[in-house]
Amino acid sequence: MDRRRLIQLGTAGLIGAALPARAQTAGGLVPLRLSPSEIFKITVCLRPFRATGPRIEAEKIGGKTIIHNYGHGGSGWSLSWGSAAEALRLAPSRPLLAKPQKVAVIGAGAIGLTQALAAQRAGMQVTIYARERYPFVRSGGATGSWTPDSRVALTSAAPTGFADQWERMARRSWTMHNAYLGLPGAPVEWMDHYHSNSEMDPALIPANLPPDPGCVYLSNRLHGTIPRGHMVDRELHPFNAELVNVRPTLIFNIAAYAHQLEQDFLIAGGRFVPADFASPKDVARLPEKVIFNCTGYGARTLWSDETILPVRGQIAWLPPQADVHYGFRYKGIMAMARRDGIIVQQVGPHDGLGWNDANEAPDIDHARLTVAQFRDAYRVV
Ligand SMILES: Cc1cc2nc3c(=O)[nH]c(=O)nc-3n(C[C@H](O)[C@H](O)[C@H](O)COP(=O)(O)OP(=O)(O)OC[C@H]3O[C@@H](n4cnc5c(N)ncnc54)[C@H](O)[C@@H]3O)c2cc1C
């Protein structure tokens with residue numbers, strides 16, 4: 001990030017200046033209170049991207065069946081349930097009414113938790129082995145919105161049949177996420193997202209930004225299921241932008257969702273065991289004969305899978321506002337009022353942002369600069 005730019009903003013009194021919290025605005029929306037001085041946390045997460053899409057396949061090691069379910073890029077939360085269902089199909093079949101099969105799941109992120117729950121629903125007795133649990137898993141650093149085709153594969157590398165499998169995963173996941181609506185704590189809920197056509201601050205475009213990698217976009221396969229957006233008349237929105245579109249979006253309040261999934265797993269008789277595996281041989285020593293490998297970016301080291309590419313993303317967190325419940329994309333930055341905090345994240349200019357960048361250290365200056373972009377985001381009347 002551009003330090004000089006940050007200093008300029010600081011001297012202009014813009015950093016640290018809170019927006020008026022309850023100012024009357026056109027459209028009646030309360031402004032998000034976005035002040036760099038209120039950042040209380042910065043998280044960095046690596047999307048586990050594979051050019052060919054998530055790895056969902058079985059492998060035999062010794063007498064064990066290892067079923068891989070990792071590499072979901074920017075879509076792990078969104079596709080989790082459907083991906084678990086695809087992986088479950090690869091488990092060896094068993095006679096009806098046989099004794100419950102004991103299986104292992106490695107990993108307790110979005111993919112591991114949903115894999116474990118899907119296996120329990122199929123009558124299996126599940127133990128999750130994991131080095132980290134929420135909030136220390138990388139899944140804890142996700143934006144938390146329904147983005148089933150975000151950085152999930154490259155158009156140039158996705159195998160034949162990928163789009164069909166993606167659609168199955170997305171539809172299955174959609175149904176399951178919907179089953180968590182309306183619960184206490186709102187693990188999943190609807191939120192209006194406003195998008196504006198405002199220009200990005202050039203200071204936020206990294207000098208070494210790689211070209212747009214050309215990811216697959218498949219959401220048009222879900223038309224008829226997922227609500228579409230519409231333009232909002234200027235007098236009906238408070239934002240300082242010519243063109244604004246609004247779309248209802250499903251979002252995941254990740255703190256509540258992760259806790260809910262963990263509780264559901266424990267209530268169904270599941271067990272967590274802390275474990276750190278150094279190699280596939282280590283994994284094969286587990287007592288269970290069927291093992292789901294849901295290690296996300298960790299599979300790059302554990303399974304020596306260098307087809308996994310890190311795609312870095314950073315989020316700045318501000319205190320939640322009880323009366324504010326929408327998301328807004330302005331100048332290539334997204335702010336979203338989740339219940340566990342308002343999150344602010346650079347999303348533009350394109351999918352090349354953070355590409356092949358494995359740096360998990362937070363960039364505080366960059367976080368402050370992204371939040372400061374919102375200083376002129378509202379037309380206050
Ligand atoms: C900034 C950002 C925003 C995002 N926003 C969204 C979004 O809005 N919607 C969406 O759907 N997706 C989003 N994603 C993508 C999503 O976060 C990932 O796809 C998802 O977290 C992958 O989950 P996972 O369970 O595979 O991996 P992880 O969360 O990394 O979990 C891996 C698990 O495996 C364990 N593990 C790993 N290696 C070992 C080992 N050797 N031994 C023992 N245990 C091991 C870990 O401890 C952990 O429990 C975002 C990603 C980023 C970076």
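Note that ligands are numbered from 1 as they come in the structure, with each ligand's atoms numbered from 1 the same way.
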For a quick check under 3.5 Å, do D363 and Q314 share a side-chain donor-acceptor pair by atom type? no
Would you say I111 and ligand 1 have an N/O pair spaced under 3.5 Å apart? yes
Between side-chain atoms of residues 96-117 and protein atoms elsewhere (two or more places apart, or another chain), which donor-acceptor pairs fall under 3.5 Å?
residue, atom, partner, partner atom, Å
T114, OG1, A110, O, 2.7
T114, OG1, I111, O, 3.1
Q115, OE1, N69, ND2, 2.9
Q115, NE2, A84, O, 3.4

One residue to check: S75. Relative to ligand 1, which of side chain, backbone, both or neither has a non-hydrogen atom less than 4.0 Å away? backbone
For ligand 1, which part of A275 has a heavy atom less than 4.0 Å away: the side chain, the backbone, both, or neither? backbone
Proximal atoms of ligand 1 relative to T147 (non-hydrogen, under 4.0 Å): 7 (C), 8 (O), 9 (N), 10 (C), 11 (O)
What protein heavy atom sits nearest atom 42 (N) of ligand 1, and how far away is it? F277 N, 3.0 Å
Does an N or O from S139, backbone or side chain, lie closer than 3.5 Å to an N or O of ligand 1? yes
Evaluate the ring planes of F272 and F265, with Trp represented by its six-membered ring, and classify them as parallel (under 30°), tilted (30 to 60°) or perpendicular (over 60°). perpendicular
Counting only heavy atoms closer than 4.0 Å, does ligand 1 sit against the backbone of R133, its side chain, both, or neither? neither
The side-chain contact (heavy atoms from CB on, under 4.5 Å) partners of M200 (sequence neighbours excluded) come to L204, I205, Q346, P349
For ligand 1, is there an N or O atom under 3.5 Å from any N or O atom of R47? no
Counting from 1 in the order shown, the ligand 1 atoms closer than 4.0 Å to a non-hydrogen atom of C294 are 32 (C), 33 (C), 34 (O)
Candidate with minimal heavy-atom separation from atom 52 (C) of ligand 1, of C45, G313, G354: C45
Who's closest to atom 30 (O) of ligand 1 heavy-atom-wise, of R138, H177, Q346? R138
Shortest reach to atom 9 (N) of ligand 1 by a heavy atom, considering only A142, P48, S145: S145
Aromatic rings Y378 and F328: how do their planes relate, parallel, tilted or perpendicular, breaks at 30° and 60°? tilted
Pairing donors with acceptors under 3.5 angstrom, does anything connect the side chains of S145 and T143? no
Between G141 and ligand 1, does any nitrogen or oxygen pair lie at a separation below 3.5 Å? no
Regarding atom 49 (O) of ligand 1: of the candidates H72, E132, R151, which has the closest heavy atom? E132
In terms of relative ring orientation, are F252 and H177 parallel, tilted or perpendicular, with 30° and 60° separating the classes? tilted
Taking only heavy atoms of W77 into account, list the atoms of ligand 1 that are under 4.0 Å away from them. 10 (C), 11 (O), 12 (N)
Given N253 and Y257, is the side chain to side chain contact (heavy atoms under 4.5 Å, CB included) satisfied, shown in steps? CA-CA 6 Å; N253 288 302; Y257 204 11; 5.9 Å; no
Are Y297 and V44 connected in a single hydrophobic cluster, I mean Ile/Leu/Val/Met/Phe/Trp/Tyr linked by side-chain heavy atoms less than 4.5 Å apart? no
Please indicate whether any nitrogen or oxygen in I315 is less than 3.5 Å from any nitrogen or oxygen in ligand 1. no
Would S78 count as a polar contact of ligand 1, with the cut-off being nitrogen or oxygen pairs under 3.5 Å? yes
Short list, please: which atoms of ligand 1 are under 4.0 Å from a heavy atom of G296? 26 (O), 27 (O)
Just by distance, with hydrogens left out, do N197 and E242 show a side-chain donor and acceptor under 3.5 Å apart? no
One finds that the ligand 1 atoms under 4.0 Å from a non-hydrogen atom of A108 are 33 (C), 48 (C), 49 (O)
Are any side-chain N or O atoms of D357 and backbone N or O atoms of R312, one a donor and one an acceptor, separated by less than 3.5 Å? no
Of all the non-hydrogen atoms in the protein, which one sits nearest to atom 33 (C) of ligand 1, and at what distance? G107 CA, 3.5 Å
Does an N or O anywhere in L302 fall below 3.5 Å from an N or O of ligand 1? no
Within a distance under 4.0 Å of any heavy atom of G73, pick out the atoms of ligand 1 and give their elements. 15 (C), 16 (C), 18 (C), 19 (O)
Just wondering, more than 12 heavy atoms not from Y217 lying within 6.0 Å of its OH? yes
Just which atoms of ligand 1 are under 4.0 Å from any heavy atom in V137? 29 (O), 48 (C), 49 (O)
Which protein non-hydrogen atom lies closest to atom 36 (N) of ligand 1, naming both residue and atom, and how far is it? T295 CG2, 3.8 Å
Short N or O distance, Q314 and ligand 1, threshold 3.5 Å exclusive: no
Counting the benzene-type ring for Trp, do W303 and Y70 have ring centres under 6.0 Å apart? no
Can you tell me if H195 and N245 form a side-chain donor-acceptor pair at under 3.5 Å? no
Distance from atom 44 (N) of ligand 1 to nearest protein heavy atom, with residue and atom: R131 N, 3.2 Å
Can you tell me if R271 has over 12 outside heavy atoms packed within less than 6.0 Å of its CZ? no
Ignoring angles and geometry beyond distance, decide whether G74 reaches within less than 3.5 Å of ligand 1 through its nitrogen or oxygen atoms. yes
Check each atom of ligand 1 against the heavy atoms of T143 and keep those under 4.0 Å away; list them by number with element. 3 (C), 4 (C), 5 (N), 6 (C), 8 (O)
What part of S80, side chain, backbone, both or neither, has a heavy atom within less than 4.0 angstrom of ligand 1? neither
Please report whether ligand 1 has a polar contact with Y129, defined as an N or O pair separated by less than 3.5 Å (distance criterion only). no
Taking the six-membered ring where the residue is Trp, are the ring centres of Y194 and F239 under 6.0 Å apart? yes
Begin with the C-alpha distance, continue with both residues' side-chain angles, and end with the deciding distance and a verdict on salt bridge (charged side-chain N to carboxylate O under 4.0 Å, His left out) for D365 and R368. CA-CA 5 Å; D365 292 343; R368 289 168 67 83; 5.5 Å; no
